[in-house]
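Below you'll find the structure, written out as structure tokens, and then a few comments.
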Amino acid sequence: MRAQPPALGVGARRRWPAGASRRGLDWLTWGQPFRSFWLNIYLNAVLGVASGSFGGEPVSFYALHLLEDWLWAIIPIAWLARRGARRLPMLALAAMVILVEHNLLGHKELRFIFPAIALIVPLVGVGLAERPLSRKLVLALLSGLLLSPVTAYALLEDSSATSLYSALAARHPCLVAVGIVNSHFVPMTPLFTSTDFTSMQEAARADAIIAPEDTPIPPGFTRDRCVVRDRFFPGKHPLMICAWTRGQGWCGQAGPAPPPPGFVYPPAARGFIITGR
């Protein structure tokens, strides 16, 4: 009998059309093949978009942040996840890839590794199922998640930022200048419908400004409201983050289109902005 060539598995036959369709879809909609895969890494790791706009963090950021959030609970979580990884190695590999990938980027936020944390949860469950512990011991070990002051701090700071941006979004500004580099006060774009964001370099042309209270503000703006940035440890002189607005801003006048938002796109990255599609 003549030897038959090895047959492709069902998974292989399905992956090829999926990859080809993704390549074609990206090329059709965004003008470049596989753009949805490589552009995020290129903009952040090579051009430094995120770290240049929002600041960079050391490699230890995620480990220290998880330690602050979970306290002593990180020890049983790591131990149980390691046991679960023996049964679900691909799940553990996916979590590790996410963690390593985001550690290579300068700009780091805890939300970037939420997919990895979501994968760690079933690993911990499998590890716990293989070696059951008493309910009291489990509650004692995991109580760090509930007692961490960092969790309360983040919730309070997020609520301050949300209240400030929500009030501003209700006024429907066209262009907002942001003058604070803080992960909790980055532009909350889902709250806005047709608003562009830029840096303080374009503040004179904006309808509103979000910045610390002591920031020099161009003429014509009125301070609308302020919130305490650090509500958990405000101190004697808490840092206030304020919103300035003006009655008739640039968007109400005739003029050219607003410049590319420098707060997000430095000059080297502006060529990747999609226009006319």
Side-chain angles (χ1 to χ4, degrees), residues 9-12 14-15 18-19 22 34 36-46 48-51 54-159 161-162 182-184 186 190 232-233:
V10 175
R14 289 178 179 175
R15 282 193 297 270
R22 173 61 67 90
F34 296 112
S36 58
F37 288 101
W38 58 262
L39 183 58
N40 176 55
I41 298 175
Y42 176 72
L43 289 178
N44 290 288
V46 179
V49 171
S51 59
F54 306 107
E57 300 290 348
V59 178
S60 59
F61 174 82
Y62 288 122
L64 293 178
H65 206 95
L66 291 177
L67 180 59
E68 292 174 347
D69 281 344
W70 296 350
L71 298 181
W72 54 84
I74 197 171
I75 298 175
I77 287 175
W79 176 62
L80 292 172
R82 182 174 178 273
R83 293 183 61 87
R86 298 174 183 174
R87 296 289 301 273
L88 301 172
M90 296 306 297
L91 204 65
L93 178 61
M96 289 300 299
V97 168
I98 295 172
L99 292 173
V100 171
E101 175 190 5
H102 286 287
N103 264 300
L104 296 177
L105 302 179
H107 177 58
K108 299 176 178 65
E109 295 184 31
L110 188 61
R111 62 188 176 92
F112 295 165
I113 62 169
F114 280 175
I117 295 176
L119 295 175
I120 291 174
V121 171
L123 291 174
V124 172
V126 172
L128 186 60
E130 288 192 345
R131 186 164 183 173
L133 303 175
S134 69
R135 182 177 300 179
K136 291 183 179 180
L137 180 58
V138 171
L139 291 177
L141 291 174
L142 300 183
S143 60
L145 299 171
L146 303 175
L147 299 178
S148 174
V150 177
T151 302
Y153 172 85
L155 290 175
L156 288 174
E157 194 160 350
D158 281 339
S159 64
T162 301
N182 180 281
S183 60
H184 296 277
V186 296
F232 201 78
F233 300 106

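Considering only residues two or more places apart in sequence or on other chains, L66 meets the side-chain contact (heavy atoms from CB on, under 4.5 Å) condition with W70, I74, L110, I113, I117. Taking the side chain to side chain donor-acceptor pair (under 3.5 Å) definition, one finds that R87 meets it with E130, sequence neighbours left out. Judged as a side chain to side chain donor-acceptor pair (under 3.5 Å), and not counting sequence neighbours, the contacts of W72 are S143.
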Show every donor-acceptor pair shorter than 3.5 Å between a side-chain atom in residues 89-103 and any protein atom, with sequence neighbours excluded, or say none if there are none.
{"unit_1": "H102", "atom_1": "NE2", "unit_2": "F112", "atom_2": "O", "d": "3.4"}
{"unit_1": "N103", "atom_1": "ND2", "unit_2": "L99", "atom_2": "O", "d": "3.0"}

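Annotation for L64: atom CG counts as buried by contact number, over 12 foreign heavy atoms lying within 6.0 Å.
Taking both residues in full, the closest heavy atoms of F61 and K108 are given as CD2-CB, 3.5 Å, listed atom of the first, atom of the second, then distance. Closest heavy-atom contact between A118 and P122: O-CD, 2.9 Å. Residue A81 comes nearest to I120 through the heavy atom pair CB-CG2, 4.2 Å, listed as atom of the first residue, atom of the second, then distance.
Each salt bridge (Lys or Arg N to Asp or Glu O under 4.0 Å) pair with one or both residues in residues 114-125, not counting sequence neighbours, would appear here, but there are none.
Summarising the geometry, atom CG belonging to L128 is positioned 11.5 Å from atom CD1 belonging to I77; distances are rounded to the nearest 0.5 Å.
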